[in-house]
Amino acid sequence: MIGITVLGATGSIGISTLDVLSQHQDRYQVLALTANTQVDKMLALVHQHQPKYVVMADPDAAEKLELSLRSAALSVVILSGVAGLEQVSALDEVTVVMAAIVGGAGLLPTLAAVKAGKRVLLANKEALVMSGSVLMNAAQESGAVLLPVDSEHNAIFQCLPEHYADGLAHVGVKRLLLTASGGPLRNLSASELYEVTPDQACAHPNWVMGRKISVDSASMMNKGLEVIEACWLFNTSVDTIKVVIHPQSVIHSMVEYVDGSILAQLGSPDMRTPIAHALAWPERITAGVKPLNLFDVARLDFEPPDLGRFPCLRLACEAAKQGGTATTILNAANEVAVAAFLEGTIRFTHLPKIIEQTLEAVSSTGAQTLAEILSADELARQAATRYITTVD
Ligand code: NAD
Ligand code: MG
C-alpha cells in the first residue's frame with residue numbers, strides 16, 4: 001500500500017484526488033487529510049476515507065472538528081497550524097504528498113514534503129512561483145520527485161522524453177506551447193471588463209475550480225503563473241515558452257521539436273486525468289474520466305493572447321525575466337488583489353494595476369533562501385494592501 005497525504009483535501013483538486021484514490025483502494029491508503037476552516041466538509045471526508053491524521057490549519061476549526069469526532073467515536077490524530085501541515089507532509093509512512101493548498105499558504109507544507117524526499121504531486125503552483133529556486137534545490141538535495149498536476153505542465157511532461165532535465169535543447173525541444181482557454185472573459189472589451197463581477201469571473205467555460213484560480217484564469221494571471229511554473233519544472237526560460245489560446249481546452253499543452261514535430265496531449269477537461277497520471281507514473285491507472293469523443297469536439301481553434309486587454313500575463317512574463325524575488329512579489333500582490341476583488345472592494349481591471357504598482361514599489365532581491373522569499377512576500381502584501389485603497 002502506498003501511503004498518501006492530501007494537502008488541501010476539501011478543495012477542488014483535493015476532492016478530485018480523493019475520487020481517484022477511492023477507485024484504487026487496493027493500491028493507496030489515505031493517511032492524512034488537511035484543510036483550513038471547513039469543518040463539516042472535513043468531517044464527511046474523515047468518515048469516508050478514515051485517515052490516521054487530520055490537520056485543520058485554523059486552530060478553532062481543529063477544536064470544533066475534535067469535538068465532533070469525539071461524539072462520533074472515531075479515533076484520528078487531529079493537529080493544527082502550519083506545524084501540523086508540515087508534520088503530515090513529512091511522515092515516515094507517507095510516500096506521496098498531493099500539494100493542493102491554494103496560494104502562498106501551501107509553500108511551507110510543500111517544502112516540508114520536498115525536504116522529506118516524498119513524491120510530491122504539485123498542484124499548488126504559487127509555491128513554485130514564490131520560491132522556485134528553494135523548492136528545486138531542496139528536491140535535488142533530498143531526491144524528492146516533483147510531478148506536475150497542473151494540466152498544462154502534466155501534458156508537457158507527458159510529451160517530453162525521459163532526460164529533459166539536462167536541458168530542453170539537448171533533447172531536441174524547440175519550444176513549449178502552453179495552451180490557455182482564455183477564460184470566461186476572453187471576448188469582452190476593456191470597458192466591459194471594468195464591469196465584471198466576481199461570479200462572472202468565476203464562471204469558467206470548461207473547468208470547475210476554486211475561486212482564486214478561477215479569477216486568475218479570467219485575468220490570464222493563471223497563464224502567467226504557469227509560464228513561471230514551466231520555467232522551473234522544465235529547467236528553461238520564458239523565451240522558449242509560447243502561450244496559445246485554445247478555447248476548447250481539449251489540447252492541454254504541446255511540445256515543439258527542432259525537426260518540426262509537435263506532440264500534444266489531449267483529453268476531456270477533467271483534473272482527474274493529470275492527478276491519476278501523476279499518482280501512478282510511470283504506470284497508468286483509470287481515473288473515472290469521460291472518454292474524449294473527437295467527433296463531438298469536431299474542431300480545435302488557436303489564437304494568440306491579447307496582452308493589451310489581459311496585462312497580467314505580460315507582468316508575469318516580465319517578472320520571470322527579471323528573476324530573483326520579482327515572481328514572489330508578483331504572486332503576493334496578485335493574491336492580495338484577487339482577495340479584494342472577490343470581496344467586492346476593487347474592480348476586475350484594478351488587478352493588473354495593483355500588481356504593477358507593487359512590482360514597481362518593492363525591489364526584487366536574490367531568492368536563494370526562504371528568509372529572502374518570505375520577506376519579499378510580506379513586503380509585497382503590505383504594499384498591495386495599501387494600493388487597494390487608492391487604485392482607480
Ligand atoms: P480550492 O480553493 O478549491 O481549495 C483550496 C484548499 O486549500 C482547501 O482545501 C482549503 O481548505 C485549503 N486552504 C486554503 N487556505 C489555506 C491555509 N491558509 N492553510 C491551509 N490550507 C488552506 O482550490 P483549488 O482550485 O483546489 O486549487 C488548489 C491549488 O491547485 C491552487 O494552487 C491552484 O492554482 C491549483 N490548481 C487547481 C486546478 C483546479 O482545477 N482546481 C487546476 C490546476 C491547478
Ligand atoms: Mg493549468
Side-chain angles (χ1 to χ4, degrees), residues 5-19 32-42 44-45 54-59 61-62 65 79-86 88-89 98-110 112 120-130 147-157 178-183 202 204 206-217 219-230 233 243 246 249 251-253 265 267-275 278 289 331 334-335 338-339 342:
T5 286
V6 182
L7 300 172
T10 53
S12 158
I13 293 288
I15 296 294
S16 293
T17 303
L18 290 168
D19 183 285
L33 297 176
T34 86
N36 190 17
T37 53
Q38 292 178 296
V39 175
D40 292 344
K41 222 168 169 181
M42 181 56 93
L45 294 182
V54 172
V55 186
M56 299 304 291
D58 176 60
L65 185 74
L79 305 167
S80 68
V82 176
L85 296 170
E86 288 176 327
V88 297
S89 302
M98 165 54 82
I101 292 174
V102 62
L107 172 59
L108 294 177
T110 304
V120 179
L121 315 191
L122 189 76
N124 179 211
K125 66 191 88 183
E126 295 93 340
L128 210 48
V129 170
M130 283 174 82
L147 292 168
V149 168
D150 212 348
S151 57
E152 296 77 2
H153 305 73
N154 185 270
I156 289 168
F157 181 66
L178 197 63
T179 54
S181 70
C202 288
H204 198 282
N206 307 331
W207 300 94
V208 182
M209 309 181 284
R211 280 171 83 78
K212 192 264 175 182
I213 184 177
S214 295
V215 175
D216 286 347
S217 298
S219 71
M220 296 284 294
M221 179 53 93
N222 184 49
K223 213 46 55 182
L225 299 178
E226 290 185 355
V227 167
I228 300 165
E229 183 185 12
L233 286 172
V243 173
H246 163 50
S249 298
I251 293 180
H252 298 306
S253 277
Q265 187 259 355
S268 297
D270 186 325
M271 288 306 293
R272 290 176 299 173
T273 295
I275 290 167
V289 171
N331 177 68
N334 182 56
E335 281 191 32
V338 169
L342 283 172

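Remember, it's 1-based here, ligands and their atoms both numbered in the order they're listed. Keep in mind the model is a prediction, meaning the values are calculated, not measured. Excluded from the calculations below are hydrogen atoms, water molecules and symmetry mates; all remaining heavy atoms, backbone and side chain alike, are included. Residues: numbered from 1 along the sequence shown.
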Quiz prompt | Residue portion contacting ligand 1 (non-hydrogen atoms closer than 4.0 Å) for Met271 | solution = side chain
Practice problem: Measure the shortest side-chain to side-chain distance between Leu108 and Glu86 over non-hydrogen atoms and say whether it is less than 4.5 angstrom. | Solution: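 Side-chain contact under 4.5 Å: yes.
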What residue and atom, counting heavy atoms only, is the protein's closest point to [atom], and at what distance?
{"atom": "atom 43 (C) of ligand 1", "answer": "Asp150 OD1, 3.1 Å"}
{"atom": "atom 28 (C) of ligand 1", "answer": "Ala100 O, 3.4 Å"}
{"atom": "atom 34 (O) of ligand 1", "answer": "Lys125 CE, 3.2 Å"}
{"atom": "atom 4 (O) of ligand 1", "answer": "Gly11 CA, 3.1 Å"}
{"atom": "atom 33 (C) of ligand 1", "answer": "Ile213 CD1, 3.8 Å"}
{"atom": "atom 25 (O) of ligand 1", "answer": "Gly210 N, 2.9 Å"}
{"atom": "atom 29 (C) of ligand 1", "answer": "Ile101 O, 3.8 Å"}
{"atom": "atom 14 (C) of ligand 1", "answer": "Val102 CG1, 3.8 Å"}

Give the name of the N/O/S atom in [X] that lies closest to the Mg ion (ligand 2).
{"X": "Asp150", "value": "OD1"}
{"X": "Glu152", "value": "OE1"}
{"X": "Glu226", "value": "OE2"}

Heavy-atom nearest neighbour of [atom] within options [options]:
{"atom": "atom 3 (O) of ligand 1", "options": "Ser16, Gly81, Ala35, Ser12", "answer": "Ser12"}
{"atom": "atom 10 (C) of ligand 1", "options": "Val149, Val6, Thr10, Asp58", "answer": "Thr10"}
{"atom": "atom 17 (C) of ligand 1", "options": "Ala99, Pro109, Ala105, Gly84", "answer": "Ala105"}
{"atom": "atom 15 (N) of ligand 1", "options": "Leu45, Ile275, Asn124, Asn36", "answer": "Asn36"}

Least distance between heavy atoms, [X] atom then [Y] atom:
{"X": "Ser80", "Y": "Ala62", "answer": "CB-CB, 3.6 Å"}
{"X": "Ser181", "Y": "Ser249", "answer": "CB-OG, 3.3 Å"}
{"X": "Gly14", "Y": "Val6", "answer": "CA-CG1, 4.1 Å"}
{"X": "Met209", "Y": "Ser217", "answer": "CE-OG, 3.4 Å"}
{"X": "Lys223", "Y": "Val243", "answer": "CG-CG1, 3.7 Å"}
{"X": "Ala123", "Y": "Met98", "answer": "CB-SD, 4.4 Å"}

Sub-4.0 Å atoms of ligand 1 with respect to non-hydrogen atoms of [X]:
{"X": "Ile13", "answer": "26 (O), 30 (O), 37 (C), 38 (C), 39 (C), 40 (O), 41 (N), 42 (C)"}
{"X": "Ala57", "answer": "19 (N), 20 (C)"}
{"X": "Gly8", "answer": "6 (C), 7 (O), 9 (O)"}
{"X": "Ala123", "answer": "30 (O), 32 (O), 35 (C), 36 (N), 44 (C)"}
{"X": "Ala9", "answer": "9 (O)"}
{"X": "Glu126", "answer": "31 (C), 32 (O), 34 (O)"}

Quiz prompt | Glu229 side chain to His153 side chain, donor-acceptor N/O pair below 3.5 angstrom | solution =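 Per modelled atom types, Glu229 and His153 side chains form a pair under 3.5 Å.
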Exercise. Decide side-chain contact (heavy atoms from CB on, under 4.5 Å) for Asn222 and Ile213; before the verdict, give the C-alpha distance in whole Å, the side-chain angles of both, and the deciding distance to 0.1 Å.
Key: CA-CA 7 Å; Asn222 184 49; Ile213 184 177; 3.8 Å; yes
Given 3.5 Å as the limit, does a donor-acceptor pair link the side chain of [X] with the main chain of [Y], or not?
{"X": "Asp150", "Y": "Glu152", "answer": "no"}
{"X": "Lys41", "Y": "Ala35", "answer": "no"}
{"X": "Thr5", "Y": "Val88", "answer": "yes"}

Exercise. Working to the nearest 0.5 Å, report the span between CD of Gln265 and CG of Asn154.
Key: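 Interatomic distance, Gln265 CD to Asn154 CG, rounded to 0.5 Å: 6.5 Å.
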